[in-house]
Amino acid sequence: MARILSEFDGLRLHDKSGFHIGPKCSKHPAKRCLHTAPVRPIMPMEKTFDAREAEPRIYADWESKGCFKAGANAKPGAETFSIVIPPPNVTGSLHMGHALNNTLQDVLTRWHRMRGFDTLWQPGTDHAGIATQMVVERKLNDEGKKRTDFSREDFIAEIWKWKEESGGTILNQLKRLGASCDWERERFTMDEGLSAAVRKTFVEMYNKDLIYKGKRLVNWDPHFETAISDLEVENIEMPGHMWHFKYPLADGATYEYVEKDEDGNVTLRETRDYISIATTRPETMLGDGAVAVHPDDERYAPIVGKLCEIPVGPKEHRRLIPIITDEYPDPDFGSGAVKITGAHDFNDYQVAKRGNIPMYSLMDTKGAMRADGKPYAEEAAIAQAIANGEREFDENMVAAMNLVPDEYRGLDRFEARARVVADITAEGLAVMVPNLVIPDAEGEPESQETDEIPGQAGDDSAPAMIPLIDSKPIMQPFGDRSKVVIEPMLTDQWFVDAHTLAQPAIEAVRNGDTKIVPKQWENTYFRWLEDIQPWCISRQLWWGHQVPVWYDEDENAYCAENEEAAVALSGGKSLTRDPDVLDTWFSSALWPFSTMGWPEETPELAKYYPTSVLITGFDIIFFWVARMMMAGLEFMKDDNGKPEIPFHDVYVHALVRDEKGAKMSKSVGNVIDPLDLIDGIDADGLVKKRTTGLNRPEDAPKIAKQTRAEYPDGFEAFGADALRFTLTSMAAMGRDIKLSVERIKGYRNFGTKLWNAARFAEFNACERDPDFDPAAATQTVNKWIIGETAKTREAYDEALSNYRFNDVASTIYAHVYFLCDWYVEFSKPLLSGEDGAEKAETKATVVWAIDQCLLMLHPIMPFITEELWQVTGGKGVLMHTDWPTYTHADLCDAEAEAEMRWTISLIEAIRSVRAEMNVPAGAKIEMLLTDFDMEAAQRLLRQSALISKMARLSEAAVGNEAPAGSIVTAVEGATVNLPLADVIDVTVEKTRLTKALGKLEKEIGGLSGKLSNEKFLAKAPADVVEEQKERLAAAQAEKDKLQAAVGRLEAMG
RNA sequence: GGGCGCGUAGCUCAGUGGGAGAGCACCUCGUUGACAUCGAGGGGGUCGCUGGUUCAAUCCCAGCCGCGCCCA
């Protein structure tokens, strides 16, 4: 519906309803005011855009019209453009990272769709194994139920129920953001189709030995009681301790222990009956299989091959273990001797494998000391026989043995640590040092820290000797979801031979088939893939894709896509399925093709795979990008059977941080929910949000205070457009985004600016002219803005083609402001002039120019632009309107451009003087150009109306002589004289001119120095030399003009 | 320890081998018929430091200082 007020040029109503308010206008009593125009039920545009009301309405409209469907708005035979969404966790809710990620995808998708590409943005969610199981378990707990109250099937049914009810949250939030995904194609990694893809890939890889099962040391999460992959472990430096214990030599043997300094001088010589071992994990001593020293370490050479005693456990059953050599121990670290606990440490595991040292598992799935198996005495005896070399052993036998002494069985691992330390210390087998009072760096006495360290009694009596305990930071592994300390555990797990799969994935990026942007991330990608470890894909969870492997009674494995096939493989045996499920990322790795229907050969797959670009954060390059590359290249083949990449480009964007640069986190209380910026939230709501559900509830008051101080009024409803524009404008390559609420506000205001430009067009009855040809414009101002628009369009497309999102945003932002500041003002005289061809052309140009802004802004700010398009009677939907293809070369009129640039510079010069001289804004003054060239005179003649209006001149003329008492400034080709004798202060004016001259002289000095340098003239490119010459001439000319003005001032006295 | 990145205006950040930019903040003026969610004008930076390459370096190279991230 067109709402053009063609009969009421300049009509302005203060009442939003569109009815005029009364017979007298209170606002403009003295003027001719159209508020007194006849009452008419019309609907002018609202004064501002109400995002909260309009955005959901507009989105619903697009959706109902099928605007997002794959292929919508595609030109016949168009190229395809496809993106698969990084599937958010089904449990997720939208955070800033999603907002950024999806805004960028939407910008690209909308842009291509408008350009007529056959476009698919494939949406969906990820089943997120641990996260989802966690959410549902918590919900059941709230209902007083436990997971173990359910059968596996029933529990999974509970999760599906939850998914149906609550799983769509994040997708609805993406809609609120404006994401133009093809929702009809929504997929979920646990869908039947995607599950079939998982089974098929597993079976194929199994059959190629790319997947295998084995007992390996893996990262074990004692909270979730499952293995996790290396990537799901976060190593965090924590304050820790290193204890030093004596492992007595067997049978009271002794040796000469000698320490030397670098020059070989003996610094210590004593007879020892023990070997000193340093450890950060005393509880694992129970599982030691050996003590290792470096083969070159002379200190221990005398005792290599001998046995020593683990100084813990019942005395009568102390285990003896061999002292071996291995390259792993660092002689300069600690005592240089390392205990080897193959089942609980990754380094020890390697040593144990090399040395065929038994690896004794000490803990159960919850991280407590084992309580199963035979009594300690029996187990210890067997272990001793192994250590003595009297007994053969194998992996499984050793794994079954429980070497935890009876008194420690069932203890939590940290409790066990304290007990072990206390027991050893009590027995006098801790290494002791004098209890020195050590001066610290500031020279103040400070005793060795003894707080809460197991093994050191908090005794006031200050004993002479205390146990040697180093307090120092140690790296500890934590589960990225559970936040508990990860335990290396020796378990049977499924692995993917990632090394083999990585080679084609490396090659595809190296040879440019897939391009990573910004390029620096390629290094990260290569480094990880080149050193990739086997990928542990099995999880001891219930929610996920169950491993498609069945076992018969003899543990023979049959891998097949379903049970019938497995049974057939086994020759008809009765089989049991492997209970493990797969790492969620296993199914995510298939996402680019599984969502398109693979393993079926669907038309979508043929059309949209490989996808055009993947937009993702750097934090999942390893988790996801690299694995999709591996899976794609392994399973997808083009018509010639050549492995096919999943995407041509990978654009890696930054992390969104808070305004101060801190990572947004619940516990810090600095999280900003994108939806709160879109729809607004008051301070109470924000505080409530940030302080509920904290891990540390005691932080709530602090967080509340911080929040109120920072955002005393909460957030206004800035709308999705403003947030999107902000994120786009800040998405510069290679740097994190510090999100500023002020900046969002600024871009909301930018939307209002655009809105008002459209209102201006409406008030002036500027209607779209279907026959308007921008190349045929006749008026200088029109030709000029058309050329400027074309320039902007080219710069925009160039930037977006290169994923330079921030450049795109600033290009269109600057253009809109330029249009409003200058063209809109310039158009006014033409619009209020006589009816005629010029006026008609200008009206059409105004609409055209604003429409071009709407088009170019639409990918970033889809809502307000669509609303403006439709409110002003645009045809169809803006999101399916064709993208412009004109170029600056097509539409530029060089003369018009030069003339308008000159006009602008003159207006700016006059305004500047007026402001500096404090000429009242309302006062009209005269202007006279002197020393003018013909071009300047003609330009003034042609543009005097505009210049007079915008510079508030009563007269604009050319003349031969400057009037006395003029203030002077310069433009290209003329001296500008403003006769302001009554306001002029000779001293002030002289100061102003002197300052300006100073700047010019500095510039002239630099330029002439350069131009008199023969080397510069000889070596610099000709165009650069020419440019410098022109600049020098211009500066010189301006200097002359100002100099003359100074002369005249001095003549005045 | 290895790798990557960053240091430009008070703040947040663009940018370029040849005239230092934007937004916000700040100061002055202003209800001019689109817009006070606004307009006009203005101040403010030895482009981290030191060397090198070059006719020319904020930009390229090396070293140093400071900060961040990833990996061990």
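Computed from a predicted model, the values in this text were never measured in an experiment. Throughout, a chain's letter reflects where its sequence line sits, starting with A, and its residues are numbered from 1.
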Spacing of [X] atom [atom1] relative to [N] atom [atom2], expressed in whole Å:
X: A:Glu1027; N: B:G18; atom1: CD; atom2: C1'; result: 7 Å
X: A:Asp1023; N: B:G19; atom1: CG; atom2: P; result: 13 Å
X: A:Arg952; N: B:G41; atom1: CZ; atom2: P; result: 15 Å
X: A:Met45; N: B:C35; atom1: CE; atom2: C1'; result: 11 Å
X: A:Tyr823; N: B:A34; atom1: OH; atom2: P; result: 14 Å
X: A:Arg992; N: B:G42; atom1: CZ; atom2: P; result: 11 Å
X: A:Glu916; N: B:G41; atom1: CD; atom2: C1'; result: 8 Å
X: A:Asp807; N: B:G21; atom1: CG; atom2: C1'; result: 13 Å

Look at all strands and tell whether [X] reaches a base, only sugar-phosphate, or nothing, counting heavy atoms closer than 4.0 Å.
X: A:Arg914; result: nothing
X: A:Lys949; result: nothing
X: A:Gln1028; result: sugar-phosphate
X: A:Arg527; result: sugar-phosphate
X: A:Glu1030; result: nothing

Can you tell me how far [atom1] in [N] sits from the matching atom in [M], rounded to whole Å?
N: B:G43; M: B:G7; atom1: C1'; result: 25 Å
N: B:C69; M: B:C26; atom1: C1'; result: 34 Å
N: B:U31; M: B:G39; atom1: P; result: 16 Å
N: B:U8; M: B:C13; atom1: P; result: 9 Å
N: B:U54; M: B:A40; atom1: C1'; result: 44 Å
N: B:A9; M: B:G15; atom1: C1'; result: 15 Å
N: B:A25; M: B:G45; atom1: C1'; result: 16 Å
N: B:A57; M: B:G18; atom1: P; result: 11 Å

Decide whether A:Glu908 and A:Ser905 meet the rule of one side-chain donor and one side-chain acceptor closer than 3.5 Å.
no
Give a yes or no on whether the backbone of [Y] and the side-chain of [X] come within a donor-acceptor separation of less than 3.5 Å.
X: A:Arg911; Y: A:Ile907; answer: no
X: A:Glu232; Y: A:Ser229; answer: yes
X: A:Arg952; Y: A:Lys924; answer: no

Where does RNA chain B pair, written as one dot-bracket string 5' to 3', with Watson-Crick or G-U pairs under 3.5 Å, ( ) inside the strand, [ ] for crossing pairs and | for another strand?
(((((((..((((....[..)))).(((((.......))))).....(((((..]....)))))))))))).
5'-most by nearest nucleotide on RNA chain B - A:Arg1031 or A:Asn918:
A:Arg1031
Taking for each residue the nucleotide of RNA chain B bearing the nearest heavy atom, is the 5' side occupied by A:Trp755 or by A:Arg748?
A:Trp755
Does this structure show an ion pair linking [X] with [Y], if we count only N-O contacts that are shorter than 4.0 Å?
X: A:Lys47; Y: A:Glu762; result: no
X: A:Arg759; Y: A:Glu46; result: no
X: A:Arg1031; Y: A:Glu1003; result: yes
X: A:Arg901; Y: A:Glu788; result: yes
X: A:Arg281; Y: A:Asp345; result: no

side-chain contact (heavy atoms from CB on, under 4.5 Å) involving A:Lys1029 - partner list, sequence neighbours excluded
A:Leu1011, A:Val1025, A:Glu1026
With A:Ala970 via side-chain contact (heavy atoms from CB on, under 4.5 Å) - residues at least two apart:
A:Glu1038, A:Lys1041
Examine [N]: is either OP1 or OP2 under 4.0 Å from a nitrogen or oxygen in the side chain of [X]? Give yes or no.
X: A:Lys47; N: B:A36; value: yes
X: A:Arg743; N: B:U12; value: no
X: A:Lys828; N: B:A34; value: yes

Determine whether the aromatic ring centres of A:Phe863 and A:Phe49 lie less than 6.0 Å apart.
no
Check: A:Tyr813 ring centre within less than 6.0 Å of A:Tyr747 ring centre
yes
Side chains of A:Lys839 and A:Glu834: does their closest heavy-atom pair fall under 4.5 Å?
no
Any side-chain heavy atom of A:Asn806 sitting closer than 4.5 Å to one from A:Met730?
no
Could you go through nucleotides 38-40 of chain B and list every protein N or O atom that sits under 3.5 Å from one of its N or O atoms, giving the distance for each pair?
unit_1	atom_1	unit_2	atom_2	d
B:C38	OP1	A:Asn749	ND2	2.9
B:C38	O3'	A:Lys753	NZ	3.4
B:G39	OP1	A:Lys753	NZ	3.0

I want to verify a distance call: between [options], whose nearest atom is closest to the [X] side chain?
X: A:Arg759; options: B:G43, B:A34, B:G19; answer: B:A34
X: A:Val824; options: B:G5, B:A34, B:G43; answer: B:A34
X: A:Phe760; options: B:G5, B:U12, B:A34; answer: B:A34

Pair A:Phe750, A:Phe725 - check ring pair (Phe, Tyr, Trp, His ring centres under 6.0 Å), show working.
CA-CA 10 Å; A:Phe750 170 63; A:Phe725 200 96; 5.2 Å; yes
Please work out which of the three classes, parallel, tilted or perpendicular, describes the rings of A:Phe715 and A:Tyr711, given edges at 30° and 60°.
perpendicular
Tabulate atom names and distances for all N/O pairs under 3.5 angstrom spanning the protein and nucleotides 66-71 of chain B.
none

Hey, what are the protein-to-nucleotides 53-59 of chain B N/O distances that come in under 3.5 Å?
unit_1	atom_1	unit_2	atom_2	d
B:C55	OP1	A:Lys1019	NZ	2.1
B:C55	O2'	A:Asn1013	ND2	3.1

